[in-house]
Amino acid sequence: MSGGVAVARAGVQAGGALGATRLDLAGKHIVLGLSGGVACYKAADFTRELVKAGATVQVVMTQAAEQFITPVTMQALSNRAVFTSQWDAREPNNMAHINLTRDADAIVIAPASADLLAKLVQGRADDLLSLMCLARPIDRCPLLVAPAMNREMWAHPATQRNLAQLRADGSTVLGPGSGDQACGETGDGRMLEPAELLADLVAFFQPKHLLGKVVLITAGPTFEPIDPVRGITNRSSGKMGFAIARAAAEAGASVTLVAGPVAQATPRGVRRIDVGTAQQMFDAVMAAALAQDLFIATAAVADWRPAAFTGQKIKKTAERAVPQLALTENPDILASVARLPNGPYCVGFAAESHDLLQHARAKRERKNVPLIVANLGPETFGQDDNALTLVDAHGERALARADKLTLARQLVAEIAARLAVVAP
Ligand code: C5P
């Protein structure tokens with residue numbers, strides 16, 4: 001095994017297919033600005049997340065930030081000396097405010113206080129952080145801010161005006177979150193958690209292949225109850241479908257995920273509808289299908305369900321023979337969407353145990369969909385990695401074995417290219 005593969009796999013084990021994929025920020029240089037706020041304690045953890053994701057981190061702190069956390073901590077975690085003053089003489093040309101952003105891929109200010117936001121809007125430059133933001137090369141060094149403040153400060157018209165202006169000036173606002181605040185009040189204005197900030201920053205750097213597209217995805221198994229305690233289901237962790245939902249959202253799509261019973265965290269920014277049975281999944285999908293540009297069916301839908309549900313647990317008794325289960329067929333969700341006039345571009349999955357390509361080609365014809373994604377079921381169930389083969393009218397294309405999020409991003413790019421041809 002090569003060193004590169006070993007590193008990538010270590011990342012998968014630690015972060016999981018949907019967690020902080022470790023090397024997503026490899027090669028990125030992030031200038032992390034801290035302004036004054038209790039949320040400075042989260043900036044320490046965020047720095048660790050950035051470093052674990054492969055980024056180099058240069059911390060810049062305001063004097064107010066130093067009241068909440070020390071440069072010592074931030075230096076130790078970022079492994080670089082921290083800058084706190086525009087008069088810092090360590091730079092040979094004495095121009096830290098210029099030098100710090102010239103090789104930066106982004107400035108992220110977390111926490112961004114109400115005062116700092118106001119200064120950015122006005123272009124004020126009376127400390128290193130605000131001065132550096134004003135002096136950054138605006139076309140190649142994006143500015144992202146993660147506000148952190150009391151809910152009344154957040155809701156104040158002055159803050160909201162400043163945020164609108166910051167966005168109009170091209171900055172990106174991360175969050176804020178909502179919930180309990182350090183002051184004891186509850187509401188909007190909490191800084192996002194470090195893992196959320198990381199996910200948003202990783203998404204920020206992904207290519208926007210699906211910008212403005214509306215996408216519907218099914219994922220996980222379905223569960224067809226026999227009686228109150230038993231049921232028929234398929235093996236599916238939902239990991240591949242959830243990874244595709246995350247990748248589609250990162251690519252700029254508005255994503256709805258219809259999920260069967262799985263234990264997966266909802267990717268950031270994705271609207272999730274939980275269902276149990278195939279019929280419920282069918283109803284949720286058909287209600288939304290005509291509003292979509294793209295439908296990706298990754299769910300392992302049970303082909304059959306018990307013809308009748310037994311309201312009480314079927315008892316095992318010495319006298320009674322083994323119960324005979326009558327089954328009835330479930331609706332084919334993918335084929336139904338593919339039949340809709342003016343329906344979305346449809347992508348199906350084929351999980352097979354043998355003769356993969358032959359079955360995938362037949363499935364593409366039978367379901368009348370432009371693209372089928374084939375994978376070997378037993379080799380991927382519950383795993384964090386997979387290998388895919390795309391089967392369309394022009395032939396096949398293999399995506400080599402990788403973690404599911406990496407594959408999901410490649411698949412989204414492949415789908416977006418096909419979508420651009422049919423619906424430019
Ligand atoms: O027919 P088969 O289950 O092998 O086809 C797999 C593809 O069809 C997957 O994309 C799956 O999500 C979709 N499917 C569906 N509704 C079903 C059965 C499968 O959408 N009832």
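In each ligand, atom 1 is the first atom listed, and ligand 1 is the first ligand listed. One is the number of the first residue; the rest follow in order along the sequence.
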With sequence neighbours excluded, residues passing side-chain hydrogen bond (donor to acceptor under 3.5 Å, both in side chains) with [X]:
X	result
T172	none
T62	none
R397	E414

Residues R364, D392: salt bridge by 4.0 Å N-O rule: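 No, this pair does not count.
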May I ask you to decide whether D332 forms a salt bridge with R366, counting only side-chain N to carboxylate O separations under 4.0 Å? no
Return yes if some donor-acceptor pair links the side-chain N/O of Q181 with the main-chain N/O of D188 below 3.5 Å, else return no.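 Here the side-chain-to-backbone pair exists.
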Close residues (non-hydrogen atom under 4.0 angstrom from ligand 1) work out to A297, T298, A299, V301, P331, D332, I333, L334, G348, F349, K363, R366, K367
